[in-house]
Q: 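For reference, the structure I am asking about is given below.
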Amino acid sequence: MLDPKLLRSDLANVAARLARRGYALDVDRMKTLEARRRELQTRTEELQAERNARSKAIGQAKGRGEDIEPLLAEVSDLGERLEASSSELAEIQAQFDAIVTGIPNLPHESVPSGQDEEDNVEQHRWGTPREFDFTVRDHTDLGALYGYLDFELATRLTGSRFAVMRGPIARLHRALAQFMLDMQTRQHGYEEFQVPYIVNDDSLFGTGQLPKFGDDLFRLEGDQNYYLIPTAEVPLTNIVRDAILKADQLPLRMTAHTPCFRSEAGAYGRDTRGMIRQHQFDKVEMVQVVHPEHSYEALEEMRGHAEAILQALELPYRTVLLCTGDMGAAAAKTYDLEVWLPSQNSYREISSISNAEDFQARRMHARFREQGQKKPSLLHTLNGSGLAIGRCLLAVMENNQQADGSIVIPEALRPWMDGIEVINAPD
RNA sequence: GGAGAGGUGGUCGAGUGGUCGAAGGCACCGGUCUCGAAAACCGGAGCGGGUUCACGCCCGCCGAGGGUUCGAAUCCCUCCCUCUCCGCCA
């Protein structure tokens with residue numbers, strides 16, 4: 001959420017910056033609503049003040065044993081006028097809020113303008129895609145070869161876009177998760193969390209999925225407004241909702257391994273084959289809660305924390321700076337890491353690292369108190385995948401495959417695989 | 001799931017429907033005292049919003065949302081949460 005004060009004082013400039021990411025702010029409507037709001041709020045508060053004063057006077061008169069009938073007569077229509085004014089104010093306020101809560105974050109000045117992923121800017125590449133002297137299989141074929149990865153079974157159990165992993169592939173999946181968690185906690189200073197996989201609507205509002213992107217979420221039956229988490233970013237970031245931290249507690253570095261559930265309502269028809277785009281996938285997530293002055297250092301740092309995983313696994317990747325049109329609504333700046341997939345002969349997203357600045361903090365009322373400062377100020381929040389485990393699994397499978405369909409386990413991962421070096425056909 | 005008791009400021013804890021944003025204790029900050037500290041004493045302190053050049057003034061907030069009333073922390077309704085006992089379960 002943007003600062004409502006900024007929307008009042010610098011509307012034209014805000015609109016211009018939003019236009020850069022393709023968001024058309026209705027400036028005239030905002031001006032009209034704001035003028036109306038101001039008028040109604042002033043009047044409502046005046047009426048409230050009058051009510052308070054008169055009620056107090058009635059109480060005092062009664063205390064002195066005086067006749068309060070005349071005083072009551074004086075306030076007879078006050079309630080109605082107040083009700084009329086305040087309900088109209090609530091109406092205007094609701095319209096204003098509906099717009100404000102739907103406005104995306106302002107892009108950082110270093111973010112290139114652009115429409116979609118075509119306009120993203122590659123920052124650098126790491127590793128060299130391997131040359132194969134045989135025809136590469138994609139992970140779906142590799143998994144099917146020995147029955148370690150079964151999409152048809154998952155379809156029978158549930159429906160489309162789910163996977164069943166078994167034996168060594170299931171084991172590899174677990175190893176990846178453990179490996180990533182251990183790296184983030186032991187080497188990068190994150191605290192490990194185990195969080196609910198179901199959250200309420202307040203949490204989803206806080207991180208910005210609601211109210212606008214509810215279609216991408218799985219909502220639970222019942223009247224509790226419960227949703228399956230689309231990412232651990234939601235529970236982890238909301239840990240600081242409604243909190244006022246002390247400056248010396250910062251930065252907070254949190255990580256968690258969770259499943260993520262996405263209905264991907266807008267993405268049907270894309271990546272229908274394999275486990276690139278699933279309704280359920282596991283991810284190790286990193287979240288940082290930092291002092292506003294340090295959030296861009298933290299962004300670079302987190303990018304490094306995610307890259308370190310890919311480097312350790314010896315997976316070729318490239319780093320991409322997202323353009324304004326490809327960023328999520330909460331992000332001011334986002335890097336994507338894209339891993340090399342031989343079967344697609346291209347790089348595919350495996351991690352996304354964003355600085356939300358105070359966008360989420362404002363929605364969550366997440367603040368901190370600067371040493372010696374009276375007023376609390378908003379924190380900055382960042383999140384990044386470190387990494388998406390399903391996609392990492394398929395990247396390992398495809399990049400490390402051999403002619404017979406066996407898969408070499410990356411060196412760094414072997415301690416988490418009981419020393420298994422190659423995934424072969426079952427005995 | 002059944003029965004009961006509760007949700008008040010950083011914390012503990014008062015609060016007959018009327019000057020209550022709310023006593024008091026603790027913790028906290030500033031000051032006096034002290035070589036320094038402790039103790040004692042004095043004082044200050046919540047969050048959000050509106051308005052003002054500013055001092056300030058005003059509004060809202062006692063789990064959440066409704067309602068009754070001139071007036072609600074206090075009365076009524078719905079929901080959420082916590083605790084105790086029983087049952088069930090991992």
Side-chain angles (χ1 to χ4, degrees), chain A residues 1-9 11 30-97 99-101 194-206 210-211 219-227 235 238-249 358-379:
Chain A
M1 197 163 93
L2 301 184
D3 186 354
K5 285 179 188 143
L6 195 64
L7 284 165
R8 284 174 205 144
S9 62
L11 187 57
M30 293 296 285
K31 278 185 184 162
T32 310
L33 283 174
E34 169 57 16
R36 193 84 186 107
R37 190 223 97 233
R38 181 186 298 242
E39 181 189 336
L40 283 165
Q41 180 163 346
T42 307
R43 191 184 348 146
T44 302
E45 289 184 359
E46 277 169 6
L47 288 168
Q48 283 172 326
E50 188 182 344
R51 180 199 61 194
N52 292 347
R54 289 187 182 269
S55 292
K56 193 181 271 192
I58 290 173
Q60 287 167 339
K62 208 174 173 185
R64 290 190 299 265
E66 296 169 7
D67 179 17
I68 60 169
E69 280 305 319
L71 291 172
L72 285 178
E74 281 177 34
V75 294
S76 59
D77 71 328
L78 191 61
E80 268 176 44
R81 285 191 292 147
L82 178 56
E83 169 57 28
S85 179
S86 69
S87 65
E88 197 181 344
L89 174 63
E91 172 60 29
I92 294 291
Q93 199 75 259
Q95 288 178 34
F96 190 84
D97 289 348
I99 295 173
V100 172
T101 58
Q194 179 59 237
V195 293
Y197 303 156
I198 296 172
V199 292
N200 60 33
D201 51 352
D202 287 336
S203 292
L204 287 158
F205 178 83
L210 290 179
R219 187 180 190 280
L220 271 52
E221 282 284 340
D223 43 25
Q224 293 251 275
N225 292 323
Y226 282 175
Y227 297 79
N238 275 279
I239 284 172
V240 295
R241 172 148 54 93
D242 292 322
I244 300 179
L245 304 180
K246 294 190 182 118
D248 61 15
Q249 292 177 270
D358 64 11
F359 186 88
Q360 296 178 323
R362 184 170 290 106
R363 296 169 87 94
M364 293 191 299
H365 308 121
R367 294 161 295 170
F368 75 105
R369 209 183 301 274
E370 195 96 65
Q371 193 73 33
Q373 200 102 58
K374 195 169 147 56
K375 282 282 164 194
S377 349
L378 290 169
L379 291 157

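Letters go in sequence order (proteins before strands), and every chain restarts at 1.
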Q: What's the gap between C26(B) and G13(B) when it is taken at their C1' atoms, as a whole Å value?
A: 11 Å

Q: May I have the distance from R54(A) (atom CZ) to U19(B) (atom P), rounded to whole angstrom?
A: 18 Å

Q: Hey, which of these two, E46(A) or P376(A), hits RNA chain B nearer its 5' end, going by closest nucleotide?
A: P376(A)

Q: Side chains of Q224(A) and N200(A), heavy atoms from C-beta outward: is any pair under 4.5 Å?
A: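 Sidechains of N200(A) and Q224(A): no contact.
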
Q: Would one find a side-chain N or O of R8(A) under 4.0 angstrom from OP1 or OP2 of G50(B)?
A: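 Answer is yes, contact under 4.0 Å.
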
Q: Measuring to OP1 and OP2 of C80(B), would you say a side-chain N or O of N200(A) lies under 4.0 angstrom away?
A: no

Q: Looking at G46(B), I'd like to know if its phosphate oxygens (OP1 or OP2) sit under 4.0 Å from a side-chain N or O belonging to R367(A).
A: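 It does not, given that no N or O in the side chain of R367(A) lies less than 4.0 Å from OP1 or OP2 of G46(B).
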
Q: Using the P atom as the reference point in each nucleotide, state the distance between G36(B) and A23(B) in Å, no decimals.
A: 35 Å

Q: Kindly give the heavy-atom pair with the smallest separation between L78(A) and L47(A), and that separation in Å.
A: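 Heavy atoms only, the tightest pair is CD1-CD2, 3.9 Å.
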
Q: For K246(A), answer base if it contacts any base atom (sugar-phosphate contacts may also be present), sugar-phosphate if it contacts only those atoms, and nothing otherwise; contact means non-hydrogen atoms under 4.0 Å.
A: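 Nothing, no heavy atom under 4.0 Å.
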
Q: With a 3.5 angstrom cut-off on both distances, give the Watson-Crick or G-U wobble partner of G43(B), or none if there isn't one.
A: C29(B)

Q: For C59(B), does either OP1 or OP2 sit under 4.0 Å from a side-chain N or O belonging to N52(A)?
A: yes

Q: Run the salt-bridge test on R37(A) and E34(A) with the 4.0 Å N-O cut-off and return the result as yes or no.
A: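 The answer is yes: the pair qualifies as a salt bridge.
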
Q: Is there a side-chain polar atom (N or O) of R38(A) under 4.0 Å from OP1 or OP2 of U51(B)?
A: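 Yes, such a contact exists.
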
Q: How long is the straight-line distance from CG of L82(A) back to CD of E50(A), given to the nearest 0.5 Å?
A: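 It is 9.5 Å, given to the nearest 0.5 Å.
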
Q: E80(A) side chain to D77(A) main-chain N or O, any donor-acceptor pair under 3.5 Å?
A: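 No; zero donor-acceptor contacts below 3.5 Å.
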
Q: Ignoring backbone atoms, test whether Q41(A) places a side-chain nitrogen or oxygen under 4.0 Å from the OP1 or OP2 oxygen of U51(B).
A: no

Q: Is there a side-chain polar atom (N or O) of K375(A) under 4.0 Å from OP1 or OP2 of G48(B)?
A: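 The answer is yes; a side-chain N or O of K375(A) sits under 4.0 Å from OP1 or OP2.
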
Q: Does Q224(A) reach a base, just sugar-phosphate, or nothing at all? Heavy atoms under 4.0 Å.
A: sugar-phosphate

Q: Taking the C1' atom in each of C33(B) and A38(B), what is the distance between them to the nearest angstrom?
A: 12 Å

Q: When all nucleic acid strands are considered with a 4.0 Å heavy-atom cut-off, which category describes R369(A): base, sugar-phosphate, or nothing?
A: sugar-phosphate

Q: Which nucleotide in the list C81(B), G18(B), G49(B) gets nearest to the side chain of S55(A)?
A: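 Of all the options, the side chain of S55(A) is nearest to G18(B).
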
Q: Say you pick atom C1' in A45(B) and the same atom in G9(B); how far apart are they, in whole Å?
A: 11 Å

Q: With both distances under 3.5 angstrom, what nucleotide forms a Watson-Crick or G-U wobble pair with G65(B)?
A: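 Base-paired to C77(B).
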
Q: Between U52(B) and C59(B), how far apart are the C1' atoms? Round to whole Å, please.
A: 15 Å

Q: Rounding to the closest angstrom, what is the interatomic distance between U69(B) and G30(B) at atom C1'?
A: 44 Å

Q: Can you tell me, in whole Å, how much space there is between the C1' of G31(B) and that of C81(B)?
A: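 Per the computed distance, 43 Å lies between those C1' atoms.
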
Q: Can you tell me, in whole Å, how much space there is between the P of G7(B) and that of U16(B)?
A: 13 Å

Q: Between R51(A) and R37(A), which is nearer to the 5' end of RNA chain B once each is assigned its nearest nucleotide?
A: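 The residue whose closest nucleotide sits nearer the 5' end is R37(A).
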
